[in-house]
Amino acid sequence: MKRQKTYFIMNNLIFEVQKPEITVRKIKIAQVKFENEEYKVLRKKFDETVFNIEKKPEGWFITEKDNPL
C-alpha cells in the first residue's frame with residue numbers, strides 16, 4: 001500500500017505533517033459544527049422569513065427575499 005501524505009493549509013501556508021494526530025474526518029466534523037454555530041448566530045440577527053441565508057465557498061451570503069405581494 002502506498003503511503004499517503006497529509007497536508008494542512010493555514011493562512012495560505014501549506015504544512016506537511018508526517019504523523020497526523022488528527023484525522024481528516026475529525027476536521028470535517030469540526031468544520032460542520034463550526035458552520036452550524038455560525039448559522040445559529042446569523043438566524044438570531046436575520047429573520048428567515050425575510051432573508052435567505054446561504055453558505056458559499058466565499059462565506060455566508062444573505063439576501064432579502066422577494067415579497068410576493
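With values rounded to the nearest 0.5 angstrom, K44 atom NZ is found 13.5 Å from Y39 atom OH. The line from CH2 of W60 to NZ of K55 is 6.0 Å long, rounded to the nearest 0.5 Å. Atoms CD and CD, on E38 and E35 in that order, are 6.5 Å from each other to the nearest 0.5 Å.
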Run the side-chain contact (heavy atoms from CB on, under 4.5 Å) test on F51 and K65 for me, step by step, so that the C-alpha distance in whole Å, both residues' side-chain angles and the decisive distance to 0.1 Å come before the verdict. CA-CA 5 Å; F51 296 98; K65 289 183 178 179; 5.8 Å; no

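I53 and F46 get closest at one heavy-atom pair: CD1-O, 4.1 Å.
Atom NZ of K26 has 12 or fewer heavy atoms from other residues, nucleotides or ligands within 6.0 Å.
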